[in-house]
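Beneath this line is the structure, given in structure tokens, with notes to follow.
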Amino acid sequence: MKVKALSRSSSDYVRERAQDIHKVQKNLDPTVHPFEKAREYVRALNSVKTERMFAKPFLGSLGGHIDGVYSMVKHPHRLNSMISGSGDGEIRIWDISERESSWTVKAHKGIVHGLCPSPNDSKFLSCSADRTVKIWDQNEGTTPIHTYMGKYAFTGLSHHYTDPLFATSGNAVEIWDQNRSEPIQEFNWGADTTHTVKFNYTETNIFASCGTDRTIALYDLRTSQPISKVVMSMRTNAIAWNPMEAFVFTAANEDHNCYTFDMRRMESAVNVLKDHVSAVLDVDYSPTGEEIVTGGYDRTLRLYNARQGHSKDVYHTRRMQRIFCVQFTMDSKYVLSGSDDGNIRLWRAHAAERMGVKSVRERAHLEYSAKLKERYAHMPEIRRIDKHRNLPQSIKKADRLKKQILGNRKKKEDNRIKHSAPGSIERQPERKKAIVGVAK
């Protein structure tokens, strides 16, 4: 007869050091611990205070560009490398761990509007306002492998995830084959100029673009017609697809907000990311799909949980100027921002997190503190300390003015509904306010 017995690890009840006392098992009966909630509240308060005290997100800057940094992309096959393009046509490959550039080339005669990696090899592509797209390989030196000439200036670039195809934006959205010198497909749906194009990571035949006519258009390579188009109240500056949810993407808008859409239901936004006080210029998802980073014209970098509407953190420095490009690193631990002062800045994705190997006891303490903060997050004092950030006076002033304007609009809308016939005016949901119309 075979008898199964419970097996317990000795690390659950024995301390790490031999001379330490043994752990005492806790009785979870709440009647035995009448002051448990009070003690946990104090621990949660101390944890929040400690986190704000040790929150030092800025790690350093990568200097070398003479002009502003307007495009940035992760290296296709190196975790600690990143590629950036500047306004004077220069492209640099950076070693993030060493914080210096390992490869530099004067690639274009105009501003580098787009960079994208080739998923199947170590090459990467760049496009510019000088009407050229070039393919580069760091191992082949500073001479481009291929050069493609276009009819108009290029404003955006994205590579297909599996096939040797790439899309460019400009006067029209064009699809190029790497083995041909002319575009094989052209899409145009009313916009004078499209300034962003992005391929989907999962549904690889789908890609999105946004244009100067305030539209976000979805296309399919398998058809010659666009799928759908949504018209926003203001212009969209950038698009980022969620790497974990195939149908979800986020658009950075001029109205200070970012809008998350499900491409199957474009009539309403899934989520609205607020808190910027000026136009949002770029947006990027973390590789886990759980976090979003945005860079704005208000000189701030904001981090969001993908399913929440307000930022969980905001980063800024005194010298940092308008942020034109942002990127998560492939391990979701760091964030990079490029601004028009010529610097690329490296930040922690979690301001108070410390890198390095953690002991079992330290990991258990951090997990316990996180759970306590989550349990007591609704308490006024803990919420106040957790939300507090030191911001520049100009941003505080702009935020106060913006809240006043939005409050006046809401008051006007309430008065209009109050003094109109019942049912004649309907209050528009927040997630539909910025959408003018949808075409299919």
Side-chain angles (χ1 to χ4, degrees), residues 51-52 54-63 65 68-72 82 84 196 234-240 250-260 271-286 290-306 308-329 332-353 384-406 434:
E51 182 179 320
R52 295 315 313 150
F54 291 106
K56 298 185 184 300
F58 181 66
L59 294 173
S61 64
L62 313 178
H65 283 294
V69 181
Y70 298 106
S71 57
M72 195 161 51
M82 184 269 303
S84 64
T196 299
M234 296 187 74
R235 197 181 84 163
T236 300
N237 291 317
I239 293 173
T250 298
N253 204 272
E254 286 276 337
D255 65 355
H256 312 177
N257 298 332
C258 291
Y259 298 92
T260 301
N271 195 9
V272 182
L273 309 179
K274 299 186 174 183
D275 287 344
H276 274 286
V277 295
S278 190
V280 187
L281 300 178
D282 198 14
V283 60
D284 188 40
Y285 272 93
S286 68
E290 296 294 325
E291 293 176 299
I292 296 174
V293 60
T294 61
Y297 201 73
D298 56 1
R299 304 184 184 95
T300 62
L301 184 81
R302 289 188 181 266
L303 291 156
Y304 297 84
N305 286 326
Q308 295 179 1
H310 290 278
S311 60
K312 63 178 183 178
D313 218 333
V314 53
Y315 298 159
H316 61 89
T317 63
R318 184 172 294 178
R319 293 184 176 184
M320 186 163 64
Q321 296 300 312
R322 323 291 185 184
I323 300 174
F324 283 88
C325 51
V326 291
Q327 284 284 312
F328 260 101
T329 56
S332 298
K333 297 289 186 182
Y334 303 97
V335 171
L336 293 154
S337 66
S339 54
D340 60 358
D341 59 0
N343 279 333
I344 299 168
R345 289 174 173 83
L346 180 65
W347 313 81
R348 287 190 179 95
H350 304 280
E353 185 181 8
R384 182 187 67 81
I385 295 171
D386 190 38
K387 298 289 184 185
H388 177 73
R389 298 292 184 277
N390 291 316
L391 292 172
Q393 195 63 34
S394 59
I395 295 177
K396 286 185 178 179
K397 185 177 179 181
D399 188 48
R400 285 195 299 267
L401 180 62
K402 182 181 175 182
K403 287 179 179 176
Q404 183 181 356
I405 292 171
L406 293 176

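Throughout, residue positions are numbered sequentially from 1 according to the sequence presented.
- A distance of 11.5 Å separates CG in L303 from CG in L273, rounded to the nearest 0.5 Å.
- Taking each heavy atom of Y285 and T260 in turn, the nearest pair found is OH-CG2, 4.0 Å.
- Considering OG1 of T250 and OH of Y259, their distance stands at 12.5 Å, rounded to 0.5 Å.
- Under the rule for a side chain to side chain donor-acceptor pair (under 3.5 Å), the partners of D298 that lie at least two apart in sequence or sit in another chain are H276, T300.
- Closest non-hydrogen pair, A351 versus Y315, comes out as N-OH, 3.5 Å.
- Sorted by first and then second residue, the salt bridge (charged side-chain N to carboxylate O under 4.0 Å, His left out) pairs involving residues 335-345 (not counting sequence neighbours) are D341-R345.
- Remark: D275 CG to D399 CG distance equals 7.5 Å, nearest 0.5 Å.
- With sequence neighbours excluded, the residues satisfying side chain to side chain contact (heavy atoms under 4.5 Å, CB included) with K274 are N257, V272, H310, E430.
- The one candidate from L301, N343, L346, I344 that meets the side chain to side chain contact (heavy atoms under 4.5 Å, CB included) condition with S337 is L301.
- Between the side chain of H316 and the main chain of N390, a donor-acceptor pair closer than 3.5 Å is present.
- Under the side chain to side chain donor-acceptor pair (under 3.5 Å) criterion, T329 pairs with D331, sequence neighbours left out.
- Residues that satisfy the salt bridge (Lys or Arg N to Asp or Glu O under 4.0 Å) test with R319, not counting sequence neighbours, are absent from this structure.
- Residues forming a ring pair (Phe, Tyr, Trp, His ring centres under 6.0 Å) with Y334 (at least two apart in sequence, or on another chain): none.
- In this structure F54 satisfies the ring pair (Phe, Tyr, Trp, His ring centres under 6.0 Å) test with no other residue, sequence neighbours excluded.
- Shortest non-hydrogen contact noted between A434 and D255 is CB-OD2, 4.0 Å.
- M82 and L336 get closest at one heavy-atom pair: CG-CD1, 3.8 Å.
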Inset, instruction - Please step through side chain to side chain contact (heavy atoms under 4.5 Å, CB included) for the pair K397 and L401, ending with a clear verdict. - result: CA-CA 6 Å; K397 185 177 179 181; L401 180 62; 5.8 Å; no
Legend entry - Derivation and outcome, side chain to side chain contact (heavy atoms under 4.5 Å, CB included), residues T236 and T196: CA-CA 9 Å; T236 300; T196 299; over 6 Å; no
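- Residues satisfying the side chain to side chain donor-acceptor pair (under 3.5 Å) test with K312, not counting sequence neighbours, are E291.
- Interatomic distance, CZ of R299 versus OG1 of T317, reported as 10.5 Å (0.5 Å rounding).
- When all heavy atoms of D282 and C325 are compared, the closest pair comes out as OD2-CA, 3.1 Å.
- Of the candidates K387, R389, R302, R302 is the only one forming a side-chain hydrogen bond (donor to acceptor under 3.5 Å, both in side chains) with S311.
- The side chain to side chain contact (heavy atoms under 4.5 Å, CB included) search around E353 returns K333, H350, M355, not counting sequence neighbours.
- Residues forming a side chain to side chain donor-acceptor pair (under 3.5 Å) with Y304 (at least two apart in sequence, or on another chain): none.
- Among all heavy-atom pairs drawn from F328 and A349, the shortest one is CE2-CB, 3.9 Å.
- L281 CG to Y297 OH: the interatomic distance, rounded to the nearest 0.5 Å, is 8.0 Å.
- Every side chain to side chain contact (heavy atoms under 4.5 Å, CB included) that L406 has, sequence neighbours left out, goes to K402, R409.
- Between E290 atom CD and S332 atom OG the span is 9.5 Å, to the nearest 0.5 Å.
- R235 pairs by the side chain to side chain contact (heavy atoms under 4.5 Å, CB included) definition with H195, T212, N237, E254, not counting sequence neighbours.
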